[in-house]
Amino acid sequence: MDKERLKMLRKEKGLTQGDMAEILEIARTTYANYEQGTREPDNRILNRLADFFIVSIDYLLGRDVPRWATPEDLVDLEEILKNNVHMAYGGEDLTDEDKQRVQEVLKIIFWDKLKKKGSNEGKVK
């Protein structure tokens, strides 16, 4: 859990740690521990936080994803490349190094499209 993101999201809503604890139906000290980084929420609480703040779990965990990215937006590029074992260009199979380079380019394109989507739809929360 990215404690700074959690704290920022709470403050943006103008809520106290006590408010959050009440919303999540947990003790205030438990919630405070999440923000201090001394305790990690279980999956049920993590899902409730993501739903409440309307962010992805990846965002809460500190992964480099836009806040407005939905689960449908997130693609496992590694899995795509793994399933395309016979990737070729110019009649030659791609080496593992070539596949890694393709993955990096796809990531750049993917994040660029997500950023444009977010700014065009005004969904940056």
Side-chain angles (χ1 to χ4, degrees):
M1 164 76 59
D2 186 315
K3 62 185 184 178
E4 297 305 320
R5 285 186 180 176
L6 183 61
K7 188 184 299 185
M8 177 194 67
L9 290 167
R10 174 182 59 80
K11 287 182 175 185
E12 283 179 358
K13 290 220 180 239
L15 300 172
T16 66
Q17 289 182 346
D19 295 332
M20 288 304 304
E22 192 173 310
I23 290 165
L24 298 170
E25 300 174 343
I26 58 175
R28 190 204 61 76
T29 54
T30 300
Y31 181 81
N33 286 329
Y34 298 157
E35 284 193 8
Q36 293 166 7
T38 57
R39 185 171 180 173
E40 292 291 321
D42 62 22
N43 288 343
R44 181 181 68 84
I45 297 296
L46 198 55
N47 278 306
R48 290 182 75 184
L49 285 166
D51 290 344
F52 179 77
F53 290 120
I54 314 172
V55 297
S56 70
I57 290 174
D58 281 338
Y59 181 79
L60 288 174
L61 294 177
R63 293 189 68 193
D64 187 24
V65 296
R67 285 176 58 185
W68 42 263
T70 65
E72 293 79 31
D73 291 327
L74 303 174
V75 175
D76 189 342
L77 297 173
E78 214 171 280
E79 198 61 37
I80 290 171
L81 292 176
K82 198 184 307 177
N83 290 330
N84 291 319
V85 178
H86 295 96
M87 289 179 64
Y89 181 77
E92 293 185 33
D93 286 341
L94 297 181
T95 65
D96 286 341
E97 183 181 330
D98 291 336
K99 288 180 182 180
Q100 181 64 37
R101 291 173 67 197
V102 169
Q103 182 181 12
E104 292 304 315
V105 170
L106 287 174
K107 282 181 185 178
I108 292 167
I109 294 168
F110 176 74
W111 291 120
D112 185 54
K113 287 194 176 290
L114 279 179
K115 287 177 191 172
K116 287 178 184 172
K117 176 183 174 187
S119 62
N120 289 342
E121 295 178 9
K123 285 192 169 183
V124 177
K125 296 178 178 91

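Between Leu15 and Met20, the shortest heavy-atom distance links the atoms CD1-SD, 3.6 Å. Taking all atoms of both residues into account, the shortest heavy-atom contact from Tyr34 to Lys3 is O-CB, 3.7 Å. Contact detail for Ile57 and Ala50: the closest heavy-atom pair is CG1-CB, 3.8 Å. Closest of all the heavy-atom pairs between Leu24 and Arg44 is O-NH1, 4.5 Å. When every heavy atom of Met1 is checked against every heavy atom of Leu46, the shortest pair comes out as CE-CD1, 3.4 Å. The two residues Ala32 and Gln17 make their nearest non-hydrogen contact at CB-OE1, 3.3 Å.
A distance of 9.0 Å separates CG in Asn33 from CZ in Arg28, rounded to the nearest 0.5 Å. Put simply, CZ on Phe52 and CG on Leu60 are 12.0 Å apart, with the number rounded to the nearest 0.5 Å. In this structure, CG in Leu6 is found 11.5 Å from CD in Gln36, a value given to the nearest 0.5 Å.
The main-chain N or O of Ile23 is found under 3.5 Å from a side-chain atom of Arg48 such that the two form a donor-acceptor pair. A donor-acceptor contact shorter than 3.5 Å links the side chain of Arg5 to the backbone of Tyr59.
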Item to check | Trace of the side-chain hydrogen bond (donor to acceptor under 3.5 Å, both in side chains) decision for Asp98 with Thr95 | outcome: CA-CA 5 Å; Asp98 291 336; Thr95 65; 3.2 Å; yes
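Side-chain contact between Phe53 and Glu12 is absent, with no heavy atoms from C-beta onward closer than 4.5 Å.
Under the rule for a side-chain hydrogen bond (donor to acceptor under 3.5 Å, both in side chains), the partners of Thr16 that lie at least two apart in sequence or sit in another chain are Asp19.
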